[in-house]
Structure formats: structure tokens, C-alpha cells
Amino acid sequence: MPSWFKSLQFRLIVAFTLTLTLTLGSVGALVSLQAAEESKRFETSSQEFRVGRVHRMIASHYEENREWDGIQPSLEQAGSFFGRRFVVTNSEGTVVADSHKRGGKGRWGLGRHSRSSSMAIEVEGHPVGFLVSGPGRFDTPGDGDQATELPVSLPPPLEEANEPPISRITGAVNKSLLWTGLIGAVGGILVMSFVSRRILAPVHALSGAARRLGQGDLAQRVPSSGPAELRNLSDTFNTMAENLETAEQQRRSLTADVAHELRTPLSNIQGYLDAVNDGLLEADEATINTLRQQAAHLVALVEDLRLLALAEAGSLALHLQLESLRDLLQESVEAFRPRADAEGISLTLSASDDLPSAELDRTRISQVVGNLLENAIVNTPEGGVVAISAFQEDEKIAVSIADTGTGIAPEDLDRIFDRLYRVDASRARTTGGAGLGLTIARHLVLAHGGTITVESIAGQGSTFTFTLPLNRSGG
């Protein structure tokens, strides 16, 4: 089977054609049936009216003349005018006038033809004859069921093809409905073909772009056009393609940055070892401490990368339990106070004693607070202030760490939580870190069901705020 017959466009055309055919067929059948019924009722009423007029005319003629002579011309005129055959017999059944036989004589039996009718002609309450009318041949039953022909030679009656005008109207209506349905079906199919092609054009474009995207061309984008649903689909595809392209760029950048971060301590270790091996340095305590420090940097970097990979994959195991966040913050402040004092920085904590407990992993949240305090102290000059505050906000606890340091430029705020991103790229790991601390902090907070944000004004300092959901069972 050709592929076109399996396409959505072909199915739309077939569905539209079937719907149109069913609709037009149903409407046509109902209209035709109703027209036929109304035609039949009108024709029956017309025939009764015509026969009644002829019957009254014949009865008046006999009542005035007391004989049948002279009725033939009037009967012929009535038959020609009404398009029916009228036969008049006397009370004995002898034909005295026939609208289709000039001067016809003979006996006429009153038949039971399905399309003929017979009416008695009465004058002063006494039957004087019968009027038989119909479009075709009149049969005469003998003693009950045997039909006999008239004993006179009659010309052929009106043929069935000479239908009354109302019947021709019904046929014309049916014919018009048929042609209208055919023209409507052909026109509808052509219009549906054009419309479906226009509607499916964005789908074809999207299909081609998706195929090229799957082959590695991440720069593929599709125009947003067509109905709202297709525009939404195009926008979703473009967003997905943009995210894939960004992720690929980040992956490449991560590979390069990790290689760079690993190369520096490894190169240092290799240089020291080569110097010791060549006799340029002695393997004394100072050299060994330097090598140990570089190895510790490597271990910390690898551990940060492992933790980040687990957090991004959603595989990081958290040991959640009710903890006092105030006590945790107090411990972190005391741990960093000696360093802050050495740098001439004031470190403060503001948290009420009735601050409710939260369900958290103490080790991981301590790591978050430590990363934020580390960044705050590094970026705050001597004489500055690093202030920590904790407070309840609706159904969560918010922790804010504000400093009076150098601040963050607006163009760096959107990327401050990216992996291996440093505001000052010239900083070494010993002064600025590898650029993983904030990324890890963000993922640890998200893993607890919280959020983390940053506000900063260049030259005036920064404020990092993270929130944690409260334990609903108690405080």
C-alpha cells in the first residue's frame, strides 16, 4: 500500500468525505421522504378535489336535462384539463361517456383497480349512474374476482409516464439533491485537501526538524505557525531543542573544565615528584605536605563531582530526621568564626529560640550553609559583615546569608548556580574554588523540597536565601 494512503492527510480526507456523505445522504433521504409524502398527500387531495368537481358537474347536468346526452364534450374537456380519465355509466353499467373515447358505448363494470375510484351519481336521492376515474386501465370484476374487458373498443388510456406536475416536482427535488450532494462532496474534498495540507505543513516541518535533531543537528528550529495547538507543539519542540543544545554545550564545557581542574593539581604533583626524582627537591616534610595538599584538592574535587552527579540524577540518598535548624546554624557560625575574625569580618546570627524544627539531612544542610558562608567570607573585604538570619515563612523555614562584599554583576546572576562557573575566572581553586559549591548547594536544597535564590547589587553585597519545608507533624 502506498505510504500516502497511511498519511494523516488521507485519513482526514476520508473521515471528512464519510462525514459529508453521511450528512448529505441523511438530509437528502429525509427531504426526499418528506417531499414524497407531501406530494402524495397533495396529489390525493387534488385528485379528490378534481373528481369531486367532475362529479358535481355530471350530477348537475343530469339533474337539469334528465338524460346523459351532451355530457361527452364536458367529460372530454375535464379529462384533458385534469389529466385523468373519466368514465360515466348509467345505473345499469352501460358506458354513456368516456373522456378518452368520443361517443363510446358499452357496458362498464365497476372494478377494484388500485388506482381507480368509483362514485355513485345520485339525483334526488336516487342513483342514476356512476363516475369512474383513474390514470390507467379499468378492470371490471365479474361475479366477484374475474375481470372482464369493456365490450367496446377503447383507445389506450393515459400512460403512467404522464405524471402529475407535483410528482415531477418531487423528482426534480431528488435530482437537485443528488447533484447538490455530488458537487458538495467534490468541493468539500478539494477544500479539505487544501486545508489539511496547510494544517499539516507545520507537522511535516516539525517531523523533518526532529529527524535532523536526532541525527545530531541541535541547531534545528521550526517556525511557529498554524493553529494554536500546532504553534504550542512548535514552541515546545524549539524549547526542547534549545535545552538539548544548551545541555550539549554545558557537557562540553564541563568536560573541558573538569579536565582543567584536574590537570592543575595533577601537574603540580607530577612536577614535585619529577623534581624529587631528579634530585632538585628533597622529599622533606614541606614537600610531602605540598603533595598531600594537592592530593586533598583532587579528592575534594572528585567527591564534589560525584555528589553533583548523584544529586542531578536524583539518586542522592538523604537521611531525613527532625532537626533544630537554629542549632545547626549556630554550629556552622562557630566553625567559621575563627576564619572570619582573622579576616576582620563580623559574623552574626539572628534566629529565635522558638524557631520550629524541620525534617532534613543534617550533614547535607550543613554543607549548604558551609558553602554559602565560604563564598560570603571570601567575597567580603576586611571590616565587612556577614549576617545569617532564620525565620518562619508560612509553611517553611527561610535561611538568609547576607554579606557586604563585592556583589555580583547582573549578567552573572543567571549563571551563578551553573556547574564550574566562577564570577572571577582568574581565581584559583585555593581562592575561588572549582565553581561547584553553589551548584551542589542548589541541588541539595532542591532534594529537600526547598528553593534557593540570590539577590545582589554590584559593590554592595549579596544575599543568598534558601527555604526548607516544615515538618507538618510537629515543631
Side-chain angles (χ1 to χ4, degrees), residues 239 242-243 246-247 250 304 307-308 310-312 314 316 318 320 323 325-326 328-330 332-333 336 345 347-352 355-380 384-424 432-472:
T239 302
E242 184 176 352
N243 291 339
T246 302
Q250 290 178 347
D304 285 348
L307 180 61
L308 180 60
L310 290 175
E312 289 182 338
L316 183 63
L318 298 178
L320 301 176
E323 295 284 353
L325 193 57
R326 184 180 185 280
L328 185 151
L329 294 175
Q330 185 66 48
S332 297
V333 168
F336 277 87
I345 299 172
L347 187 60
T348 65
L349 172 63
S350 174
S352 61
L355 189 69
S357 300
E359 194 172 20
L360 52 86
D361 186 322
R362 188 180 186 89
T363 301
R364 298 307 182 189
I365 296 302
S366 296
Q367 186 174 359
V368 172
V369 175
N371 282 332
L372 296 178
L373 284 175
E374 173 74 21
N375 286 337
I377 292 174
V378 167
N379 291 281
T380 301
V385 177
V386 175
I388 305 175
S389 60
F391 51 92
Q392 183 176 354
E393 188 178 76
D394 297 330
E395 295 297 324
K396 54 190 177 182
I397 296 179
V399 177
S400 177
I401 300 177
D403 62 66
T404 58
T406 57
I408 304 171
E411 60 270 17
D412 293 321
L413 282 176
D414 292 337
R415 298 193 59 192
I416 196 67
F417 293 106
D418 290 352
R419 294 172 295 185
L420 299 170
Y421 182 78
R422 287 195 290 260
V423 174
D424 186 356
L436 292 175
L438 290 179
T439 307
I440 293 174
R442 175 176 177 270
H443 282 284
L444 291 178
V445 171
L446 293 178
H448 282 78
T451 60
I452 185 168
T453 58
V454 58
E455 297 178 357
S456 181
I457 300 177
Q460 299 184 22
S462 305
T463 301
F464 286 84
T465 303
F466 70 89
T467 62
L468 297 175
L470 281 173
N471 176 39
R472 297 179 182 275

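Numbers here are sequence positions counted from 1.
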Distance (rounded to the nearest 0.5 Å) between I388 CD1 and S332 OG: 7.0 Å
Exercise: identify the closest heavy-atom pair between T465 and A398: CG2-CB, 4.5 Å
Qualifying residues under salt bridge (charged side-chain N to carboxylate O under 4.0 Å, His left out), relative to R364, sequence neighbours excluded: none
Which atom of L318 lies closest to which atom of D361, heavy atoms considered: CA-OD2, 3.5 Å
Point-to-point distance, once rounded to the nearest 0.5 Å, from CG of N375 to CG of L438: 4.5 Å
F391/I397 under side chain to side chain contact (heavy atoms under 4.5 Å, CB included): CA gap, chis, key distance, verdict: CA-CA 6 Å; F391 51 92; I397 296 179; over 6 Å; no
Side-chain donor/acceptor of H448 to backbone N/O of P469, under 3.5 Å: no
Which atom of F466 lies closest to which atom of L372, heavy atoms considered: CD2-CD1, 3.8 Å
Partner residues of A390 under the side chain to side chain contact (heavy atoms under 4.5 Å, CB included) criterion, sequence neighbours left out: L329, A351, L355, V399
Distance (rounded to the nearest 0.5 Å) between Q367 CD and I365 CD1: 9.5 Å
Nearest-0.5 Å distance that lies between atom CG in D403 and atom CD1 in I377: 10.0 Å
Test item: N371 side-chain N/O and G437 main-chain N/O as donor-acceptor pair under 3.5 Å: yes
Residues 451-460, side-chain donor-acceptor partners within the protein, below 3.5 Å, at least two apart:
residue: T451; atom: OG1; partner: T467; partner atom: OG1; Å: 2.8
residue: S456; atom: OG; partner: I408; partner atom: N; Å: 2.7
residue: S456; atom: OG; partner: G461; partner atom: O; Å: 3.1
residue: S456; atom: OG; partner: S462; partner atom: OG; Å: 2.8

Which atom of A376 lies closest to which atom of I401, heavy atoms considered: CB-CG2, 4.4 Å
Donor-acceptor contact present, side-chain T404 to main-chain V385, <3.5 Å: yes
Reported CG-to-CG distance for the pair L470 and L325, which is rounded to 0.5 angstrom: 9.5 Å
Separation between CZ of F336 and CD1 of I345, rounded to the nearest 0.5 Å: 11.5 Å
Heavy-atom check, side chain of V386 versus side chain of T348, under 4.5 Å: no
D394 side chain vs K396 backbone, donor-acceptor pair below 3.5 Å: no
